A.B. asks: 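Okay, handing you the structure first.
In what follows, every heavy atom counts, from backbone to side chain, and hydrogens, waters and symmetry copies are set aside. Bear in mind that the values here come from a model prediction, so they are computed numbers and not experimental data.
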Amino acid sequence: MKDITVRMAKNQGIELPLNLSSNTLFNNLIESLAQKTGAKVAVLIDEYDAQVTDLLEKPDQAKEVRQSLREYYRQLKVLDKYISFVFVTGITKFVQGGLYSA
């Protein structure tokens with residue numbers, strides 16, 4: 001996730017310090033984009049759950065990845081004032097729980 005966030009920032013002409021956590025990089029990217037454009041940011045996340053479904057046969061690893069993703073995506077709530085909307089797709093059906101909650 002860290003690599004993807006840094007790559008997205010570079011594509012927009014934004015330099016982020018590499019010594020930050022994935023969550024902080026994501027925060028900085030969204031804030032920087034909003035400040036650079038003077039507008040709120042649209043966030044599109046495709047197949048948010050692909051990393052977890054790839055590990056269905058490895059429940060311990062899947063749990064770790066799920067927790068990491070939850071923390072990463074939780075930033076979207078924190079950054080609400082910089083975001084106009086969020087569109088998230090998944091490859092599995094929601095049964096219980098959600099993107100942000102346990």
Side-chain angles (χ1 to χ4, degrees):
M1 291 184 287
K2 196 172 190 175
D3 293 338
I4 293 169
T5 304
V6 169
R7 192 170 348 129
M8 286 189 291
K10 283 185 181 180
N11 287 342
Q12 297 300 318
I14 297 169
E15 291 295 322
L16 297 175
L18 299 177
N19 62 336
L20 302 174
S21 70
S22 295
N23 297 350
T24 304
L25 285 171
F26 193 48
N27 282 4
N28 288 356
L29 173 60
I30 291 174
E31 286 182 36
S32 296
L33 283 170
Q35 291 169 355
K36 179 179 178 180
T37 63
K40 290 187 172 190
V41 176
V43 179
L44 309 172
I45 301 172
D46 189 27
E47 296 185 2
Y48 80 94
D49 53 350
Q51 293 174 325
V52 174
T53 57
D54 288 347
L55 296 170
L56 288 177
E57 310 255 333
K58 301 175 183 174
D60 291 339
Q61 284 181 308
K63 185 177 181 179
E64 275 184 48
V65 169
R66 196 168 40 253
Q67 183 59 36
S68 294
L69 288 172
R70 186 174 291 127
E71 292 300 320
Y72 191 74
Y73 295 144
R74 191 172 292 165
Q75 301 309 308
L76 296 172
K77 285 185 172 183
V78 172
L79 296 165
D80 186 55
K81 67 181 178 182
Y82 299 108
I83 297 174
S84 60
F85 71 92
V86 176
F87 185 78
V88 181
T89 69
I91 57 177
T92 57
K93 187 190 289 189
F94 274 108
V95 177
Q96 289 182 325
L99 193 59
Y100 313 109
S101 60

A.B. asks: Distance from S32 atom OG to E15 atom CD, nearest 0.5 Å?
C.D. replies: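 Between atom OG of S32 and atom CD of E15 there are 10.5 Å.
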
A.B. asks: Could you work out, with salt bridge (Lys or Arg N to Asp or Glu O under 4.0 Å) as the rule, every residue matching E71, not counting sequence neighbours?
C.D. replies: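 Counting only residues at least two positions away or on another chain, E71 forms a salt bridge (Lys or Arg N to Asp or Glu O under 4.0 Å) with R74.
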
A.B. asks: Any side-chain to backbone donor/acceptor pair from K2 onto L18? Under 3.5 Å, distance only.
C.D. replies: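 Checked: pair present.
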
A.B. asks: Decide yes or no on side-chain contact (heavy atoms from CB on, under 4.5 Å) for L29 and L25, but give the supporting numbers first.
C.D. replies: CA-CA 6 Å; L29 173 60; L25 285 171; over 6 Å; no

A.B. asks: I'd like to check N27 versus Q75 (side-chain heavy atoms, cut-off strictly below 4.5 Å). Are they in contact?
C.D. replies: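 N27 vs Q75: side chains touch.
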
A.B. asks: Crowded around K10 NZ? As in, over 12 foreign heavy atoms under 6.0 Å?
C.D. replies: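 No, because the 6.0 Å sphere around NZ of K10 holds 12 heavy atoms or fewer from other groups.
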
A.B. asks: Is there a side-chain contact between F26 and L76 in this structure, where contact means two heavy atoms from C-beta onward sitting under 4.5 Å apart?
C.D. replies: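 SC-SC contact between F26 and L76 confirmed.
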
A.B. asks: List for me each residue that meets side-chain hydrogen bond (donor to acceptor under 3.5 Å, both in side chains) alongside N23, sequence neighbours excluded, and say none if there are none.
C.D. replies: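 side-chain hydrogen bond (donor to acceptor under 3.5 Å, both in side chains) list for N23, sorted by chain: empty.
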
A.B. asks: Side chains of Y82 and L33: closer than 4.5 Å at any heavy-atom pair?
C.D. replies: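 They are not in side-chain contact.
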
A.B. asks: Could you check whether any side-chain heavy atom of T24 comes within less than 4.5 Å of a side-chain heavy atom of S21, counting everything from C-beta outward?
C.D. replies: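 Side chain of T24 against side chain of S21, heavy atoms only: contact under 4.5 Å found.
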
A.B. asks: Which residues satisfy the side-chain hydrogen bond (donor to acceptor under 3.5 Å, both in side chains) test with N11, sequence neighbours excluded?
C.D. replies: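 With sequence neighbours excluded, N11 shows a side-chain hydrogen bond (donor to acceptor under 3.5 Å, both in side chains) to no residue whatsoever.
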
A.B. asks: Would you call Q67 and R70 a side-chain contact if the rule is heavy atoms closer than 4.5 Å?
C.D. replies: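 A side-chain contact under 4.5 Å exists here.
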
A.B. asks: How far apart are the closest heavy atoms of V41 and A34, and which atoms are they?
C.D. replies: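 Result for this residue pair: CG2-N, 3.6 Å.
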
A.B. asks: Membership question, hydrophobic clusters at under 4.5 Å side-chain separation (ILVMFWY): are I4 and I83 in the same one?
C.D. replies: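 They do share one cluster, since a chain of ILVMFWY contacts under 4.5 Å joins I83 to I4.
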
A.B. asks: For the OG1 atom of T5 and the CE atom of M8, what is their distance to the nearest 0.5 Å?
C.D. replies: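 Here the interatomic distance stands at 4.5 Å.
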
